Amino acid sequence: MGSPKIAAVRGMNDLLPAQAPLWEAFEAQAVRTLQSYGYAQIRTPILEATALFRRGLGEVTDIVEKEMYSFVDSLNGEALTMRPENTAGVVRAAIEHSLLYEGPSRLWYMGPMFRHERPQRGRYRQFHQVGAEALGLAGPDVDAEQIVMLGRLWRVLGLAGVRLELNTLGQPPERARHRAELIRYLEGQHDRLDEDARRRLHSNPLRILDTKSASMQELVAGAPRLLDYLGEASLTHFEQLQQLLRSAQVDFAVNPRLVRGLDYYNLTVFEWVSDRLGAQGTLCGGGRYDGLIELLGGKPAPACGFSVGIERVIELMRDNAGASARPDCEVYVLHQGGATFEPAMRAAERLRDCGLDVILHAGEASLKAQMKRADASGARYAVIVGEQEAAESVAAVKALRTSDQADEFAQQQTVALDLLAPTLAKLLRPD
Ligand code: ATP
Ligand code: MG
């Protein structure tokens, strides 16, 4: 009787080898792009004090109200939360280590986030984000630069049809005046509000405008617009940002109902959206959060950042990628066990010394069976160290791919073990 199987936690995915190359390609391009704009990596812990998110994100947000994995540490009674996002953590770390002491800081992070949501396409309980935070910079130059940087990222990844939506949330006093009018308007429409909206009417009415409920769209469309409550400085910031984007030839649409889910945003907010992802079409959200550093106990400083949902980007990349599986290795080394194993192992080590990716056959199998494995591995060359070869200090080399059928190993050839590594390195690494 076998033991019962234990499955992964619902909404938390394994990344299997077949998908890994796409993730690695994404990660490399993202890091490269961030570095090319002067962003440096920061890694913060997955666990933070629950208070960080309650204060940082706001009590009346989806995340804090119902999505956080929070628990009390049974060993010392601390209230902890698995990070649902990483802006709060990065700002906490920047304050704790005085990163802003000598001037602004451009930081990026990448890693898993945790939200207790209903799992569905594009929405998981453990998911991954790469994000950037420009701390101590007031914009709109850096707001525009982050957006341009994201446009570049989609380009290098080969993603088509990713749209940019833009809005401004103004400053807190402007929002307060708009909020009072908005509440008055929504109270007048009380019968038409859904349950969520009624609950938020007095706590976070701006979020009602962000509703996905179809029945409320008309009501939302008629609501007072924040844009009409903005003062000179906020309007100028928004206008300059748009001007910078136009001059960088980044297309955008102003969406006055774009508010973002978190309390900490002000002025610039933006989202990059794709129509190819179904209901979860937002790839990336970002904007300015000038009040957060002070809210979390730091010296007041402006900031702007964004976060990209990696699973959603990977889904778009997968559409483009086709079925080109990455080979497991470049050279597969076959042997006949016994006295042939040690020379085969030494040969494999020398090939690796030359920078090649090598699988040395493990376990016992006929040369025929090993050749099948070699072929399935995607290797370009098979190196055979059989009994006869080992006795003569040579190896037999055979090209496995039709693309290599023109080269000297289209027919199996023997090569002295001493010359094997440089010979194959020359073929596989011509420059
Ligand atoms: P949504 O409206 O989809 O719930 P959000 O406003 O909660 O998004 P943010 O907190 O802004 O999302 O996170 C930035 C990005 O992270 C999103 O645009 C999305 O691509 C991704 N993301 C957020 N939540 C999830 C999740 N549960 N699973 C997968 N990706 C997610
Ligand atoms: Mg959400």
Side-chain angles (χ1 to χ4, degrees), residues 2 5 8 13-29 157-158 314-431:
K5 288 181 194 151
N13 300 311
D14 297 307
L15 172 61
L16 300 178
Q19 287 301 319
L22 218 46
W23 281 75
E24 288 165 7
F26 170 81
E27 288 165 5
Q29 298 283 20
L157 293 172
I314 296 285
E315 193 176 332
L316 287 183
M317 289 173 71
R318 201 182 295 136
D319 286 352
N320 294 350
S324 61
R326 185 178 60 185
D328 298 335
C329 64
E330 298 173 289
V331 181
Y332 197 103
V333 180
L334 297 71
H335 58 83
Q336 290 185 297
T340 70
F341 185 72
E342 285 177 28
M345 188 167 154
R346 277 196 299 275
E349 282 301 309
R350 277 197 222 132
L351 289 162
R352 294 180 186 116
D353 288 343
C354 291
L356 302 182
D357 299 340
V358 182
I359 290 182
L360 172 61
H361 185 84
E364 282 183 28
S366 68
L367 285 178
K368 194 167 162 228
Q370 291 185 49
M371 207 54 160
K372 274 197 182 147
R373 285 282 181 83
D375 206 41
S377 74
R380 282 186 45 198
Y381 294 96
V383 165
I384 303 144
V385 186
E387 272 149 17
Q388 173 144 16
E389 286 85 5
E392 294 169 14
S393 292
V394 297
V397 178
K398 170 100 177 71
L400 296 174
R401 306 292 136 208
T402 44
S403 56
D404 296 316
Q405 290 304 305
D407 82 29
E408 56 191 293
F409 297 113
Q411 301 298 321
Q412 190 166 309
Q413 301 281 343
T414 11
V415 179
L417 279 175
D418 283 345
L419 297 177
L420 177 70
T423 305
L424 286 183
K426 216 162 131 197
L427 286 167
L428 287 162
R429 301 275 189 279
D431 24 78

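Being a predicted model, the structure only gives us computed values, none of them experimental.
- Rounded to the nearest 0.5 angstrom, E330 CD and R352 CZ are separated by 11.5 Å.
- At distances below 3.5 Å, not a single donor-acceptor pair connects side-chain atoms of Q412 with backbone N or O atoms of K398.
- Rounding to the nearest 0.5 angstrom, the gap separating the CG atom in L360 from the SG atom in C329 is 10.5 Å.
- Residue L316 holds its CG atom at 11.0 Å from CZ of F26, rounded to the nearest 0.5 Å.
- For the atom pair CZ (R326) and CG (D357), the distance works out to 8.5 Å, reported to the nearest 0.5 Å.
- The closest donor-acceptor contact from the side chain of R380 to the backbone of A399 lies at 3.5 Å or more, if one exists at all.
- Looking only at distances, a side-chain donor or acceptor of Q370 sits under 3.5 Å from a matching main-chain atom of H335.
- I384 is not listed as a side-chain neighbour of Q336, based on a closest heavy-atom distance of 4.5 Å or more.
- Under the 4.5 Å side-chain criterion, counting only non-hydrogen atoms from C-beta, E342 is not in contact with M345.
- Between L427 and E408, the closest side-chain pair of non-hydrogen atoms falls below 4.5 Å.
- Side-chain contact between V358 and V383: absent, with no pair of heavy atoms (C-beta onward) separated by less than 4.5 Å.
- Heavy atoms only, all atoms of each residue included: P21 and P17 are closest at CD-O, 3.2 Å.
- When the shell of 6.0 Å around CD of E364 is examined, it contains 12 or fewer heavy atoms from other residues, nucleotides or ligands.
- Side-chain contact check for D418 versus R350: some heavy-atom pair is nearer than 4.5 Å.
- In terms of heavy-atom proximity, A365 sits nearest to A369 at CB-CB, 4.1 Å.
- A donor-acceptor pair under 3.5 Å is formed between the side chain of R401 and the backbone N or O of D375.
- Atom CG in N13 sits 10.5 Å away from atom CD in Q19 (nearest 0.5 Å).
- The closest side-chain heavy-atom distance from L424 to V415 is not below 4.5 Å.
- The CZ atom of R373 sits 9.5 Å away from the CD1 atom of I359 when rounded to the nearest 0.5 Å.
- Pairing each heavy atom of A416 with each of V394, the nearest pair is CA-CG1, 4.0 Å.
- Checked options T423, L351, L356, L428; the residue passing with Y381 is L428 (criterion: side chain to side chain contact (heavy atoms under 4.5 Å, CB included)).
- Considering all non-hydrogen atoms of both residues, M371 and L400 come closest at CE-CD2, 4.2 Å.
- Side chain of E389 to main chain of G386: a donor-acceptor pair is present (N/O by atom type, distance under 3.5 Å, no hydrogens or angles).
- Ring pair H361/Y332 is tilted by interplanar angle, where 30° to 60° counts as tilted.
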Worked verdict on R346 versus E349 for side-chain contact (heavy atoms from CB on, under 4.5 Å): CA-CA 5 Å; R346 277 196 299 275; E349 282 301 309; 5.7 Å; no

